[in-house]
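FYI, the numbering just counts along the sequence from 1.
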Amino acid sequence: MSLTGFYPGSFDPITNGHKDIIVRSVKFVDELIIGVGVHHGKTPYLSGEERVQSIEVLAEDLRQSSGKNIKVIQFSGLMVEAAVAYGATVIVRGLRDSADFAYEMQMAGMNKAMANGIETLLLPSSGEVRHIAAQLVRQIETFGGDISKFVPPHVAEFLLTKKNWSGETE
């Protein structure tokens with residue numbers, strides 16, 4: 001039986017914490033679909049297309065090193081419906097702390113009730129990235145702080161280029 005994993009998130013921006021879960025989850029599935037959630041009622045820091053592009057850089061490296069099929073897609077609406085639509089058999093979620101655990105356990109139960117064939121794989125974040133949250137990365141970057149310890153190098157470079165291109169000063 002082939003296992004297709006679905007790793008959803010807003011990835012706004014993708015962080016080293018997200019990367020940790022992506023790299024480690026590939027070991028457990030035959031195929032990984034990384035789903036970039038787009039909510040039309042929210043104003044993201046990065047567009048859906050920019051988030052997909054930044055993840056594609058990681059995905060390409062991981063395709064080469066793992067030999068696995070990795071897709072990066074955008075979705076709107078319910079995550080569990082997107083997982084089913086893309087043929088996922090397992091939803092991958094990362095855990096930073098006990099608050100994440102409580103929330104993800106509740107979500108796993110709801111997802112199972114909505115799509116009976118779906119299981120949830122909860123992966124604890126590695127210690128060196130457990131403290132990273134995209135919301136905090138956005139705040140640091142907005143105020144001109146150095147985010148290079150928290151995001152992949154290509155993301156830090158892209159955000160700096162985007163800021164300079166938009167006319168903002170550092």
Side-chain angles (χ1 to χ4, degrees), residues 1-96 100-126 129-130 132-135 137-138 150-156 158-159:
M1 179 176 143
S2 176
L3 283 178
T4 298
F6 188 81
Y7 180 44
S10 59
F11 306 108
D12 193 22
I14 188 162
T15 68
N16 289 335
H18 296 126
K19 178 182 175 182
D20 171 60
I21 299 300
I22 291 167
V23 168
R24 291 173 49 229
S25 68
V26 166
K27 298 174 187 174
F28 300 103
V29 298
D30 301 304
E31 175 181 36
L32 181 65
I33 299 161
I34 303 166
V36 176
V38 177
H39 187 287
H40 299 291
K42 292 184 179 180
T43 304
Y45 193 64
L46 298 173
S47 72
E49 293 77 22
E50 289 170 327
R51 290 179 275 158
V52 166
Q53 289 172 359
S54 68
I55 297 168
E56 270 296 343
V57 172
L58 293 176
E60 184 55 35
D61 289 344
L62 197 50
R63 283 182 200 106
Q64 297 296 321
S65 64
S66 71
K68 303 255 178 113
N69 186 21
I70 301 167
K71 296 178 186 171
V72 184
I73 58 101
Q74 267 188 74
F75 73 94
S76 61
L78 294 175
M79 174 272 299
V80 70
E81 290 177 351
V84 169
Y86 282 91
T89 49
V90 63
I91 295 170
V92 176
R93 299 295 292 162
L95 299 175
R96 291 174 297 199
D100 282 354
F101 179 77
Y103 175 77
E104 294 299 341
M105 287 296 292
Q106 190 173 31
M107 285 300 299
M110 296 295 283
N111 290 335
K112 182 85 168 169
M114 293 174 68
N116 194 17
I118 296 276
E119 293 292 342
T120 300
L121 173 64
L122 301 176
L123 285 176
S125 299
S126 298
V129 296
R130 189 164 288 141
I132 301 173
Q135 179 181 1
V137 170
R138 289 191 303 269
F150 311 119
V151 298
H154 73 278
V155 174
F158 170 75
L159 290 172

* For F150, all residues meeting ring pair (Phe, Tyr, Trp, His ring centres under 6.0 Å), sequence neighbours excluded -> none
* For the pair R51 (side chain) and S10 (backbone), establish whether a donor and an acceptor sit closer than 3.5 Å, ignoring hydrogens and angles. => yes
* Structure fact -> Nearest heavy-atom contact between Q74 and G48 is NE2-C, 3.7 Å
* Asked: So, do N111 and M79 sit near enough that their side-chain heavy atoms are less than 4.5 Å apart?
  -> yes
* Structure fact -> Closest heavy-atom pair, I91 versus A83, reported as atoms and distance to 0.1 Å, is CG1-CB, 4.2 Å
* Inter-residue atom distance N69.CG - I33.CD1, 0.5 Å rounding -> 8.0 Å
* To do: Would you check if the side chain of K19 reaches a backbone N or O of L58 as a donor-acceptor pair within less than 3.5 Å?
  => no
* Asked: Shortest non-hydrogen contact from T120 to R93?
  -> CG2-CG, 4.2 Å
* Does T89 offer a backbone N or O that forms a donor-acceptor pair with the side chain of T4 under 3.5 Å? -> no
* Does any N or O in the side chain of T15 come within less than 3.5 Å of the main-chain N or O of V151, such that one atom is a donor and the other an acceptor? -> no
* Asked: In terms of side-chain geometry, is the basic nitrogen of R63 or E56 positioned less than 4.0 Å from the acidic oxygen of its partner?
  -> yes
* Quick one: CZ on F75 to NE2 on H39, what's the gap to the nearest 0.5 Å? -> 11.0 Å
* To do: First locate atom CZ of F158, then atom CD of Q53, and finally report the distance between them rounded to the nearest 0.5 Å.
  => 7.0 Å
* **Non-hydrogen atoms of V23 and L62 that approach each other most closely** => CA-CD2, 4.0 Å
* To do: Scan I118, L32, V29 and name whichever one has a side-chain contact (heavy atoms from CB on, under 4.5 Å) with V90.
  => V29
* Given side-chain contact (heavy atoms from CB on, under 4.5 Å), test L122 with M105 step by step and report yes or no. => CA-CA 9 Å; L122 301 176; M105 287 296 292; 3.9 Å; yes
* Side chain S126, main chain V129, donor-acceptor under 3.5 Å -> no
* CG of L159 to OG of S54: how many Å apart, nearest 0.5 Å? -> 8.5 Å
* Does R24 reach the main-chain N or O of P124 with its side chain, forming a donor-acceptor pair under 3.5 Å? -> yes
* Asked: Who are the ring pair (Phe, Tyr, Trp, His ring centres under 6.0 Å) partners of Y7, not counting sequence neighbours?
  -> F11
* Asked: Can you check side-chain contact (heavy atoms from CB on, under 4.5 Å) on V92 and F28, steps first, answer last?
  -> CA-CA 10 Å; V92 176; F28 300 103; over 6 Å; no
* To do: Please round to the nearest 0.5 Å and tell me the distance separating atom CD1 of I14 and atom CD of E50.
  => 14.0 Å
* **Over all atoms of both residues, closest heavy-atom pair of D12 and R138** => O-NH1, 2.5 Å
* Structure fact -> Here the pair of heavy atoms bringing P152 nearest to N16 is N-OD1, 3.1 Å
